[in-house]
Enquirer: 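Starting off with a structure, shown below.
What you see is a predicted model, and the numbers here were worked out from it, not measured in a lab. Labels below follow one simple rule: chain letters A, B, ... track the order of the sequence lines, proteins then strands, and each chain is numbered from 1.
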2 protein chains.
Amino acid sequence: MAEQETTALTTEEKIKEAATKIFIEKGFSATRTRDIAMEAGINLALLNYYFRSKEKLFEVVMTESLQLFLVGLEEILNDVNTVLKDKIAGIAIHYVDLLKKYPDLPLFILSEVKANPSWLEANSNVREMLTQSNFYKQLEATTQKKVEPLHFLMNLLGVLVFPFVASPVLTGTEAADKAEFNQLMEERKYWIPIWMEAMLKTLSA
Amino acid sequence: MAEQETTALTTEEKIKEAATKIFIEKGFSATRTRDIAMEAGINLALLNYYFRSKEKLFEVVMTESLQLFLVGLEEILNDVNTVLKDKIAGIAIHYVDLLKKYPDLPLFILSEVKANPSWLEANSNVREMLTQSNFYKQLEATTQKKVEPLHFLMNLLGVLVFPFVASPVLTGTEAADKAEFNQLMEERKYWIPIWMEAMLKTLSA
DNA sequence: GTCTATAATTCGATAGAC
DNA sequence: GTCTATCGAATTATAGAC
């Protein structure tokens with residue numbers, strides 16, 4: 001999760017890196033602490049020495065994953081110097097870059113939040129952050145109460161995040177498929193603001 | 001999964017219904033066969049008597065889940081009597097209705113296909129069904145090679161399916177929130193064809 | 001701090017009575 | 001077919017040597 005440095009990692013960091021990789025890939029229930037220990041190059045006892053339990057270790061990973069997904073978003077959403085379309089463009093670039101790096105992150109978060117909704121309240125409240133934002137107010141102003149602004153938030157997240165969530169279904173498993181997929185995602189940085197603008201314009205017609 | 005009849009279910013059916021409910025809710029790894037047995041109102045031994053193993057039982061549920069998600073789609077996609085916008089409208093109505101009934105279905109399928117991609121080849125090949133369809137050809141004709149038609153397929157699935165996948169994050173847990181969410185989804189039957197049309201029109205500008 | 005060995009528990013599966 | 005009781009394997013967690 002954190003940036004790889006050339007400096008050696010401490011044992012605690014090695015375990016956390018390994019746990020992050022495997023938890024995000026397989027989810028909490030399908031993950032074995034032995035697999036994490038092996039991935040970290042240490043043994044099982046040491047994992048419990050540092051993190052006490054599988055649950056505690058997962059808690060660390062989940063908290064950091066939510067932060068990773070949300071960091072940078074709030075600034076874009078509440079920037080008073082940008083109009084709606086600029087914010088959409090900013091969000092698109094930010095998330096395409098982030099999810100190209102961590103493509104499994106959204107499915108992981110969605111699955112684990114569904115399994116345990118308290119993760120949201122425990123960390124930062126996503127719903128409030130979205131609906132209280134300057135972005136959302138601009139959305140309300142644009143939709144003019146003709147339609148629920150939440151629709152457009154769903155549309156934006158849908159076109160932005162869903163391809164990554166569905167890539168195991170939509171794309172092949174070969175390396176060429178992955179490259180092609182990433183190319184498509186890169187193109188979407190350009191198109192998503194245009195598409196969103198077009199969707200918003202359907203209200204004035 | 002199957003329609004509830006007033007007639008009593010056989011034991012095998014009771015187990016399958018219970019398994020479907022719990023597997024879709026919690027996924028393969030987080031599900032305990034004991035929980036399925038309890039949900040079915042029988043005991044653990046009987047589950048293995050009918051289905052031999054957890055894996056075999058899951059296989060039945062997964063196959064039926066994929067069919068449930070895909071049945072009805074192929075007819076819409078390959079209807080030679082409808083234009084693109086009609087097909088989009090048909091898909092929107094079909095999936096909003098389906099997912100209001102089975103909101104956990106997409107996240108379940110996406111998670112389990114990611115964990116075991118062979119589910120797709122084992123059952124019906126989704127990718128081929130989509131890209132070989134009359135719908136996809138109409139999409140290609142409309143986009144005129146200016147942009148990959150796959151983008152619009154992702155957009156459609158994104159605006160259609162993502163709200164259900166993300167509802168644990170976007171919507172509250174109370175009953176009123178659920179009703180409000182379903183109301184929004186109902187509205188989307190009307191809007192999605194309009195939004196998709198607007199997105200496609202960005203190519204002619 | 002790190003390891004090996006093992007305890008304690010959970011879980012899938014089966015034996016065997018009815 | 002259905003049940004109770006239990007086995008055996010897998011998994012988390014800990015004890016104790018170094």
Enquirer: Around B/E174, counting heavy atoms of other residues, nucleotides and ligands shown, do more than 12 lie under 6.0 Å from its CD?
Expert: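 No.
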
Enquirer: In whole Å, I'd like the distance from the CD atom of B/E12 to the C1' atom of D/dT2.
Expert: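 Atom CD in B/E12 sits about 15 Å away from atom C1' in D/dT2.
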
Enquirer: Expressed in angstrom and rounded to an integer, what is the separation of A/L57 atom CG from D/dA13 atom C1'?
Expert: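 Distance, rounded to whole Å: 14 Å.
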
Enquirer: What is the minimum heavy-atom distance between B/E112 and B/G27, and which atoms define it?
Expert: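 Here B/E112 and B/G27 meet closest at OE2-CA, 3.3 Å.
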
Enquirer: Rounded to the nearest Å, what distance is computed from the CG atom of residue B/N48 to the P atom of nucleotide C/dG16?
Expert: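 Distance, rounded to whole Å: 16 Å.
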
Enquirer: Between atom CD in B/E55 and atom C1' in D/dA10, what is the gap in whole Å?
Expert: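 Roughly 13 Å, once rounded to whole Å.
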
Enquirer: When you measure from the side chain of A/Y50, which nucleotide among C/dC3, D/dC3, C/dG1 comes out closest?
Expert: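 Selected nucleotide: C/dG1.
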
Enquirer: Report yes or no: is the cationic atom of A/K54 (NZ for Lys, CZ for Arg) closer than 6.0 Å to the six-membered ring centre of A/F23, at no more than 45° off its axis?
Expert: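 A/K54 over A/F23 ring: no.
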
Enquirer: Closest approach to the side chain of A/L46, judged atom by atom: which nucleotide of C/dT4, C/dT2, D/dT11 is it?
Expert: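 Among C/dT4, C/dT2, D/dT11, the one nearest the side chain of A/L46 is C/dT2.
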
Enquirer: How close or far is atom P of C/dT10 from atom CD1 of B/I36, stated in whole angstroms?
Expert: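 Nearest whole value for this atom pair: 19 Å.
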
Enquirer: Expressed in angstrom and rounded to an integer, what is the separation of B/R52 atom CZ from C/dA15 atom P?
Expert: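 Nearest whole value for this atom pair: 12 Å.
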
Enquirer: Looking at A/T11, does any N or O in its side chain come under 4.0 Å of the phosphate oxygens OP1/OP2 on C/dT2?
Expert: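 Yes, within the criterion.
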
Enquirer: Separation of B/R34 atom CZ from D/dC7 atom P, in whole Å?
Expert: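 Taking CZ of B/R34 and P of D/dC7, I get 14 Å after rounding.
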
Enquirer: Check the surroundings of atom CZ in A/R52: do more than 12 heavy atoms from other residues, nucleotides or ligands lie under 6.0 Å from it?
Expert: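 Counting other residues, nucleotides and ligands, CZ of A/R52 stays at 12 neighbours or fewer.
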
Enquirer: Could you go through the side chain to side chain contact (heavy atoms under 4.5 Å, CB included) check for B/L77 and B/L130 one step at a time?
Expert: CA-CA 8 Å; B/L77 255 41; B/L130 291 171; 3.8 Å; yes

Enquirer: Would you classify A/T31 as touching base, sugar-phosphate or nothing, given that sugar-phosphate means primed atoms plus P, OP1 and OP2, and contacts are heavy atoms under 4.0 Å?
Expert: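 The residue A/T31 makes sugar-phosphate contact but no base contact.
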
Enquirer: Check every atom of C/dT2, D/dT2, C/dT4 against the side chain of A/Y49 and return the nucleotide holding the closest atom.
Expert: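 The listed nucleotide nearest to A/Y49's side chain is C/dT2.
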
Enquirer: Starting at CG of B/L44 and ending at P of C/dG16, how long is that distance when rounded to a whole Å?
Expert: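 These atoms are roughly 18 Å apart.
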
Enquirer: Check this one for me: any side-chain N or O of B/N43 less than 4.0 Å away from OP1 or OP2 of D/dC3?
Expert: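 For D/dC3, OP1/OP2 do have a side-chain N/O of B/N43 under 4.0 Å.
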
